[in-house]
Protein chains: 4
Amino acid sequence: MNNRPPARRGRPRSQATRQTILRATNALLEAHGYTALTIEGVAEQAGVSKSTIYRWWASKAELAMEAYAASAAARLPLPDTGDLAADLLAFGEQFCQLLRTTSTPKIMSGLAAAAFDDQALAQAFRHGFISTRRTAMQHILERASERGEIAASTNIEQALDHFYGPIFYRLLFRGAPIDTLFVQQHVQAMLTLLERPAPSS
Amino acid sequence: MNNRPPARRGRPRSQATRQTILRATNALLEAHGYTALTIEGVAEQAGVSKSTIYRWWASKAELAMEAYAASAAARLPLPDTGDLAADLLAFGEQFCQLLRTTSTPKIMSGLAAAAFDDQALAQAFRHGFISTRRTAMQHILERASERGEIAASTNIEQALDHFYGPIFYRLLFRGAPIDTLFVQQHVQAMLTLLERPAPSS
Amino acid sequence: MNNRPPARRGRPRSQATRQTILRATNALLEAHGYTALTIEGVAEQAGVSKSTIYRWWASKAELAMEAYAASAAARLPLPDTGDLAADLLAFGEQFCQLLRTTSTPKIMSGLAAAAFDDQALAQAFRHGFISTRRTAMQHILERASERGEIAASTNIEQALDHFYGPIFYRLLFRGAPIDTLFVQQHVQAMLTLLERPAPSS
Amino acid sequence: MNNRPPARRGRPRSQATRQTILRATNALLEAHGYTALTIEGVAEQAGVSKSTIYRWWASKAELAMEAYAASAAARLPLPDTGDLAADLLAFGEQFCQLLRTTSTPKIMSGLAAAAFDDQALAQAFRHGFISTRRTAMQHILERASERGEIAASTNIEQALDHFYGPIFYRLLFRGAPIDTLFVQQHVQAMLTLLERPAPSS
DNA sequence: GGATAAGCGAGACGGTACGTCACGTCTTCCT
DNA sequence: AGGAAGACGTGACGTACCGTCTCGCTTATCC
C-alpha cells in the first residue's frame with residue numbers, strides 16, 4: 001500500500017477549507033432543507049469562493065451527500081443486548097428518533113430524487129446512506145442468527161427491506177408518525193417474519 | 001353536493017386549455033422527468049401562456065401532481081380472483097410493472113421531496129398518489145377478510161405499510177430490481193404476516 | 001345642423017361611467033404620476049371593466065390626455081388688468097404656481113414623450129394642452145396690442161415661444177425653480193422683447 | 001487625481017462588453033426610440049446577458065442616458081468666430097440640425113419623463129444632457145462678454161434659458177419646425193435680449 | 001532560490017427559469 | 001348593444017443561481 005501522499009506539484013488542497021465547506025453545508029441543510037441549499041449560499045456561509053466548491057464537488061447533491069453522510073453515519077445506533085427483540089426495539093426506537101428530530105428525511109428525499117438524474121450520485125447515495133444503515137441492522141440479524149434466534153436460511157436482504165421500507169414509506173410518502181407505538185408494532189411484525197426457528201420435527 | 005352550476009361571472013375557464021396543459025405536463029414528465037420539468041417548458045409545449053398556468057397551479061409540483069395523479073390512478077390494477085394470494089400476486093406484478101416501465105418513480109420521488117417544503121402539496125400528494133394506491137390494496141385485503149382468509153383483527157394499515165414500503169424503498173433508495181422474483185418473495189412475506197386465521201379448533 | 005343625438009341602436013353609452021373613468025384617471029394621475037398610470041388601475045379605481053375603457057380610449061396616453069386636459073384648462077388664469085406688465089406678472093405667477101403645486105409637469109412630460117410614438121396623440125396633446133395655454137397668453141398680448149403697448153408688427157408666435165419655452169425648459173429639463181423671482185425676471189425679459197412701440201418721436 | 005490602478009479584487013469588468021452594450025443601446029435608440037427600448041432587446045442585440053446589464057445600470061433610463069450622453073456630447077458644435085451674432089447663428093444652426101436629423105428629441109423627452117420618477121436619474125440627466133449644452137453656449141456668451149459685446153452684468157443663466165427653452169418647447173411640445181428661418185429669428189431675439197452695451201452717454 | 005504549478009477568494013460573465021405585471025383581446029352573462 | 005367580470009396569449013420585467021471564466025495572491029514542489 002502506497003499511502004504516502006502523491007506529492008503532487010502546486011499548492012496542496014486545504015483540508016481546513018474542505019471542512020469549513022462541509023460544516024457550512026450541514027448547517028444550511030439542517031436549517032433550511034435540501035431544496036433551499038445553494039452553492040452560492042454555501043460559499044457565502046463558509047467564506048469560500050464558488051470555484052473552490054466546484055473544484056471538489058460536482059453538484060450540490062454530491063456536496064450535500066458527503067456533508068451529510070458522515071454526520072448521519074456517526075449517529076447510527078449500534079445496540080447489542082444479546083437478544084434479537086431487544087436489539088430491534090432499541091435500534092428502531094433510536095433510529096426513528098433521529099428521523100423525527102433531524103432534517104434527515106427532508107435531505108434523504110431530496111437526494112433520492114436527485115439520484116434519479118445522476119447515476120454517479122445514485123451510487124454514492126446508496127453507498128453513503130443506504131448501505132451504512134443496512135449494515136448496522138445486518139449485524140443485529142447476524143448475531144441473532146449465530147445465537148440461533150433465527151434460521152440460517154433467513155433471507156437477510158428481504159428482512160432489511162421489510163425493516164426499512166415501511167419506516168421510510170411512512171415518513172416520506174404518508175407523513176405518518178414514527179412513534180414508539182409504531183416501532184413496537186413494527187418490531188413485532190419483523191419478529192413474525194424472522195422467528196422461524198425451524199419447528200424441527 | 002355542490003351541483004349548482006357555478007354561474008360565475010366573467011369568462012369561464014377554458015377546459016380545453018386546462019386539458020392541453022395537463023397533457024403537455026404529462027408528456028414532458030414522462031419524457032424528461034420531474035427535475036427537468038419547467039413551467040416555461042409546459043407553456044411552450046402546450047402553446048399556452050405562463051400566466052394561464054400560474055393562474056391555476058401554484059407551482060410545478062402542484063401541476064405535476066394533478067397531471068400525473070389522474071393518469072396514474074387510471075392505471076391502477078384492480079384484480080379480483082377470489083383468492084388472496086392470487087390477488088396479491090396479480091396486483092404486485094402489475095403494479096411493479098408500472099413502476100418499471102413508466103417514469104412514476106422519478107416523478108413520485110420528486111414530488112415527495114417537494115412535499116417537504118409545502119404542506120398543502122404534501123396533503124395533495126398523499127391524497128392523490130398514496131391513498132389511491134392504498135385503497136386499491138385495501139379492497140383486496142377486505143375481501144380476503146370477508147372470505148375468512150385473514151383474521152378480522154388484522155391491522156390493515158400496518159399491512160399496507162408492509163406491502164408498499166419495501167417496494168418504494170427498493171425503488172427509490174436502493175435502486176434494487178422490482179422483478180417477478182421479488183414480487184413472489186414479497187407476496188410470500190405478506191402472506192406470512194397476514195395469514196393468521198388462528199387455526200384454533 | 002342636425003344636432004340630435006344619432007340615436008344609434010343598442011344601449012347608449014353611459015355618461016356616468018365615462019365621467020367616473022375620467023375622474024379616476026385624474027385621481028391616479030395626481031397621486032402617482034403618469035408613468036404609474038395603468039388601464040387596469042383605472043378600471044379598478046373606477047369600478048369599471050377594462051373593455052369599457054378600451055371602447056372609448058385607444059391608450060393610456062389618450063385617456064390621460066382627455067382626463068387631464070379639461071381639468072388643466074379649467075385652472076388657466078385669465079387676468080385682465082388693462083396693463084401688459086401687470087397681466088404678464090399675474091398670468092406668470094398663477095401659471096407657475098399651478099406647475100409647482102400640481103402633477104402637471106410630470107403628466108405633461110409623460111404625454112410629450114408618448115406623443116413621439118403616436119401622431120394622433122401628438123395632435124391631441126398640442127390641441128388640448130399647448131394651444132389652450134397659448135391662446136390664453138395670446139389674448140393678453142392682443143389686448144396690449146390694441147392698447148398700443150406693443151407694436152402691431154410683433155411676432156406673437158415667437159413671443160409665445162419665448163414665454164412658455166423657458167418655463168418648461170426649467171421645469172422639465174433643468175429642475176430649476178419656477179418661483180416669484182424667476183417670474184419677475186422672466187416677465188422683464190418678455191417686456192424687453194415686446195416693448196418696441198417705436199417711440200417714433 | 002486617482003491615477004492608481006484600482007487593484008480591485010475579483011475578475012475585472014470587461015470594457016469590451018461595456019462598450020458593446022452602449023453601442024447596442026445607441027443603435028436601438030436611434031432606430032426605434034426610447035419607448036421601444038428594452039433591456040432584453042439590448043441584451044440580445046449586444047449578445048450579452050441581462051444580468052450583466054443590470055449589474056451596471058439600474059434601469060433602461062440610466063443605460064440610455066449613459067449611452068446617449070456621450071454620443072450627444074461628441075456632436076456638440078463649438079463655433080468661435082469672434083463675433084457673437086455669428087457664433088449664435090452657427091451654434092443654433094448646427095444644434096438645430098442635430099435635433100432635426102437624430103432621435104435626440106425622442107430620447108430626451110423620454111429621459112425627461114423618466115427623470116420625474118427617479119431623482120438620481122434626474123441628476124444624471126441634467127448633468128449629462130443639459131449642463132453640457134449649457135456650458136457650450138456659455139462659452140460663447142463669455143467670449144462675447146470679454147469682447148465687450150454684451151454687458152458684464154448680463155444674467156447668463158437667464159440667457160441660456162431663453163436660448164434653449166424655446167427650441168425644446170417647439171420641438172417637444174409644439175411639434176413646430178426648427179428650421180433656418182426659426183434659428184435666424186431666434187438669434188435675433190437673443191441679441192435683442194443680450195445686446196445692451198450700455199449706451200454710455 | 002527562481003520557476004512552475006495548483007489552490008484559493010473575489011467577482012464578472014452568458015445563461016435559464018423564475019414568478020409577476022400590464023397589455024389588449026376575448027368570451028360569458030347580465031341589464 | 002353596453003357593460004362588469006375575468007380568462008387568455010403576449011412580452012418584458014427584475015431576480016436568483018447556475019457553472020464557467022478571469023484576475024491577483026498564496027503556498028507548495030521541482031530543478
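Below, chains carry the letters A, B, ... as their sequence lines are ordered, and counting in each starts from 1.
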**Message:** If I take atom CD in residue Gln19(B) and atom P in nucleotide dC8(F), what distance separates them, rounded to the nearest angstrom?
**Reply:** 13 Å

**Message:** Tell me whether Glu30(D) contacts the main-chain N or O of Ser103(D) through its side chain, where contact means a donor paired with an acceptor under 3.5 Å.
**Reply:** yes

**Asked** If you count the non-hydrogen atoms of other residues, nucleotides and ligands that lie under 6.0 Å from CD in Glu44(D), is the total more than 12?
**Response** no

**Complete:** Whether each nucleotide of nucleotides 17-24 of chain E has a protein heavy atom under 4.0 Å at its base (B), only at its sugar-phosphate (S) or at neither (-) is summarised, 5' to 3', as SBBB-SBB

**Fill in**
Here the pair of heavy atoms bringing Ala64(C) nearest to Leu111(C) is CB-CD2, 4.3 Å

Heteroatom pairs (N/O) under 3.5 angstrom, protein to nucleotides 2-4 of chain E:
unit_1 : atom_1 : unit_2  : atom_2 : d
dT4(E) : O3'    : Arg9(A) : NH2    : 3.2

**Message:** Just the rounded figure in Å: distance from P of dC17(F) to CH2 of Trp57(A).
**Reply:** 20 Å

**Prompt:** What is the distance, rounded to the nearest whole Å, between atom CD1 of Ile21(B) and atom P of dA7(F)?
**Reply:** 13 Å

**Prompt:** Backbone N or O of Gln15(B) within a donor-acceptor pair of the Gln19(B) side chain at under 3.5 Å?
**Reply:** no

**Prompt:** Separation of Glu44(B) atom CD from dC8(F) atom P, in whole Å?
**Reply:** 19 Å

**Item:** Nearest-nucleotide 5' precedence on DNA chain F, Ala46(C) against Gly47(B)
**Value:** Ala46(C)

**Prompt:** Can you tell me if CD on Gln123(C) sees more than 12 non-hydrogen neighbours from other groups inside 6.0 Å?
**Reply:** no

**Prompt:** Going by distance alone, is a donor N or O of one side chain under 3.5 Å from an acceptor N or O of the other, for Tyr68(C) and Thr104(C)?
**Reply:** yes

**Asked** Side chains of Thr52(B) and Ser49(B): is there a donor and an acceptor less than 3.5 Å apart?
**Response** yes

**Asked** How long is the gap from NZ on Lys60(C) to OH on Tyr54(C), to the nearest 0.5 Å?
**Response** 10.5 Å

**Asked** Are Arg18(B) and Glu66(B) ion-paired here, with the side-chain N under 4.0 Å from a carboxylate O?
**Response** yes

**Request:** Mind calculating the distance between CZ (Arg55(B)) and P (dA5(F)) to the nearest angstrom?
**Result:** 16 Å

**Message:** Output the rounded distance in Å from CH2 (Trp56(C)) to C1' (dG2(F)).
**Reply:** 8 Å

**Prompt:** Is the distance from OP1 or OP2 of dG15(E) to the nearest side-chain N or O of Ser49(D) less than 4.0 Å?
**Reply:** no

**Rounded distance in Å - CD (Gln15(C)) to C1' (dG3(F))** = 14 Å

**Complete:** Of the candidates dA5(F), dG3(F), dC8(E), the side chain of Arg11(B) sits closest to dA5(F)

**Asked** Does any N or O donor sit under 3.5 Å from an N or O acceptor when you compare the side chain of Thr52(C) with the base of dG3(F)?
**Response** no

**Request:** May I have the distance from Arg13(D) (atom CZ) to dG14(E) (atom C1'), rounded to whole angstrom?
**Result:** 15 Å

